[in-house]
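Position 1 is the first residue of the sequence, and the numbers go up from there. From a predicted model like this one, the values you see are computed outputs, not experimental measurements.
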Amino acid sequence: MTDKKSFGSFIKQKRMEKNYSQKDLAELLFITEGAVSKWERGASYPDITLIADICRVLDISEHEFVTASTDTDTRKLKHEARLFRRIRGAWFWVPTISYGVALLTCFICNLAVDHTLSWFFVVLAALLCAYSFIPTFTLLFEKNKLLVFTVSSYLCICLLLLTCGIFVGQTFWVPTACVGTLMGYVAVFLPILLYKTRWRRVCVSLTVGALFLLTLLLLTLVRVYAVFPLFSSWLITGYAFLPVFFCGAIGLLCLNPFIKSAIGISFSTTIYFFAEFVVNWLFDQNDNLYQVDFHNWERCVSGNVHCIMLLSFLFLATAFLLVGLYRKKKK
């Protein structure tokens with residue numbers, strides 16, 4: 001602890017900042033006014049049993065009490081913490097009260113105008129959906145906030161879609177819309193959620209696999225109200241996902257990165273080159289899309305473009321392969 005005189009000056013300064021007289025401070029600490037006077041004159045130190053009470057009454061930390069100086073960093077942290085709590089409270093209560101007032105207003109208006117509750121439920125679902133984003137239900141949880149946000153916001157969106165479907169009297173499109181929304185959520189949030197788990201190494205592969213299954217489900221749901229060859233659509237979907245699955249598998253191998261890139265580019269380019277041929281075969285089309293004639297771009301533009309892209313990417317793959325082999329040999 002610092003010398004008695006400096007300590008006494010510090011106690012007097014903090015007492016005056018609180019607008020306490022020596023008598024007021026003594027009464028708050030249940031001691032005599034003379035004891036306070038001795039501290040401030042530098043005649044004595046407070047008893048050790050009074051330290052906690054003095055810090056509480058004068059709003060100082062124990063570190064400030066011992067050093068007899070203002071701990072600016074600690075006070076700044078405390079101030080920022082209080083400010084954060086106020087902002088967080090405002091972030092929660094201002095939208096919550098606003099949503100509540102809007103909901104009550106719509107409730108009264110719907111009853112007054114239509115004498116029943118109809119579009120009110122659409123407003124209710126829309127406000128719940130908005131609430132899931134701002135201020136979000138994550139404020140009610142201490143852990144797994146991203147998971148809570150993902151699940152709560154998605155379920156609220158699905159509820160809004162269902163409510164709108166019921167309101168307009170057509171719900172056949174709701175499952176399709178919900179699955180389509182889920183695909184977006186899986187693409188954005190699933191890799192992040194899996195990254196901090198034991199599945200982090202294969203999080204991208206699992207995400208692509210989930211998107212593939214959801215695409216098949218989406219096609220199946222669309223087939224309920226739209227006529228098209230479902231099995232052929234499944235096959236072309238699998239064909240489209242082949243490069244992604246293949247590149248994901250190659251990425252797990254212990255190979256030179258340049259060699260892995262060369263293999264992935266070659267395979268993906270080949271799949272892309274024959275994509276339109278596969279589509280024509282699956283859907284019984286007879287378009288001649290692979291005719292190559294660089295002297296006749298008007299009739300052979302598709303074949304020429306396919307050929308140029310195939311050669312360009314194969315050249316790039318060859319370059320990657322040569323670099324990879326060179327680096328491997330150099331080691």
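With rounding to the nearest 0.5 Å, the separation of OG in Ser266 from CZ in Phe320 is 11.0 Å. Note: Leu124 CG to Leu159 CG = 7.5 Å, rounded to the nearest 0.5 Å. One distance of note links CG of Leu214 with OG1 of Thr207; it measures 11.0 Å at 0.5 Å rounding. Rounded to the nearest 0.5 Å, atoms OG1 (Thr215) and CD1 (Ile236) are 13.0 Å apart. In this structure, the separation between OH on Tyr154 and OG on Ser152 is 13.0 Å, given to the nearest 0.5 Å. The line from CG of Leu218 to CG of Leu211 is 11.5 Å long, rounded to the nearest 0.5 Å.
Neither Leu311 nor Ile265 shares a network with the other; the hydrophobic side chains, linked directly or stepwise wherever heavy atoms of I, L, V, M, F, W or Y lie under 4.5 Å apart, form separate groups for each. There is a path of hydrophobic side-chain contacts, each under 4.5 Å, that joins Leu213 to Phe245.
Other residues, nucleotides and ligands place more than 12 heavy atoms under 6.0 Å from the OH atom of Tyr239. For OH of Tyr195, the number of neighbouring non-hydrogen atoms (other residues, nucleotides, ligands) closer than 6.0 Å is 12 at most. Shown here is Phe315, whose CZ atom has no more than 12 heavy atoms of other residues, nucleotides or ligands within 6.0 Å. Counting heavy atoms of neighbouring residues, nucleotides and ligands inside a 6.0 Å radius, atom NZ of Lys145 exceeds 12 of them. Within a 6.0 Å sphere centred on OH of Tyr225, other residues, nucleotides and ligands contribute more than 12 heavy atoms. Heavy-atom neighbours of Phe172 CZ from other residues, nucleotides or ligands within 6.0 Å: above the threshold of 12. Ile48 CD1: 12 or fewer foreign heavy atoms inside a 6.0 Å radius. Counted within 6.0 Å of NZ on Lys12, heavy atoms from surrounding residues, nucleotides or ligands total 12 or fewer; the atom is thus considered open.
A tilted orientation is assigned to the rings of Phe189 and Tyr185, their planes being inclined by 30° to 60°. The aromatic rings of Phe246 and Phe267 sit parallel, their planes meeting at an angle under 30°, below the 60° perpendicular limit. Between Phe212 and Phe241, the ring-plane angle classifies as perpendicular under the 30° and 60° cut-offs.
Screening Phe92, Phe149, Tyr131 for a ring-ring contact (aromatic ring centres under 6.0 Å, His included) with Phe137, the sole residue that qualifies is Tyr131.
Listed for the Tyr272 side chain is no donor-acceptor partner under 3.5 Å among the backbone atoms of His306. Checked by atom type and distance alone, the side chain of Ser153 pairs as donor or acceptor with a backbone atom of Thr150 at under 3.5 Å. Looking at Thr171, its side chain never comes within 3.5 Å of a backbone N or O of Val174 through a donor-acceptor pair. The backbone N or O of Ser118 sits less than 3.5 Å from a side-chain atom of Asn110, completing a donor-acceptor pair.
Smallest separation of non-hydrogen atoms from Ile250 and Lys260: O-CD, 3.1 Å. Across all their heavy atoms, Leu221 and Thr176 have their closest contact at CB-OG1, 3.8 Å.
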Original post:
When you look at Ser312 and Ile308, which way does the side chain to side chain contact (heavy atoms under 4.5 Å, CB included) test go after all the steps?
Top reply: CA-CA 6 Å; Ser312 299; Ile308 291 173; 4.0 Å; yes
**OP:** Applying side chain to side chain contact (heavy atoms under 4.5 Å, CB included), run through Ile166 and Phe121 and close with a yes or a no.
**Re:** CA-CA 10 Å; Ile166 294 173; Phe121 294 106; over 6 Å; no
**OP:** Take Glu27 and Lys23, measure what side chain to side chain contact (heavy atoms under 4.5 Å, CB included) needs, and give me the verdict at the end.
**Re:** CA-CA 6 Å; Glu27 289 178 352; Lys23 182 179 180 181; 3.4 Å; yes
**OP:** Verify side chain to side chain contact (heavy atoms under 4.5 Å, CB included) between Ile31 and Asp47, making sure each step is shown before the conclusion.
**Re:** CA-CA 11 Å; Ile31 57 176; Asp47 188 88; over 6 Å; no
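Screening residues 33-42 for salt bridge (Lys or Arg N to Asp or Glu O under 4.0 Å) gives Arg15-Glu40 as the qualifying pairs, with residues at least two apart or on separate chains.
Residues satisfying the side-chain contact (heavy atoms from CB on, under 4.5 Å) test with Cys109, not counting sequence neighbours, are Thr105, Trp119.
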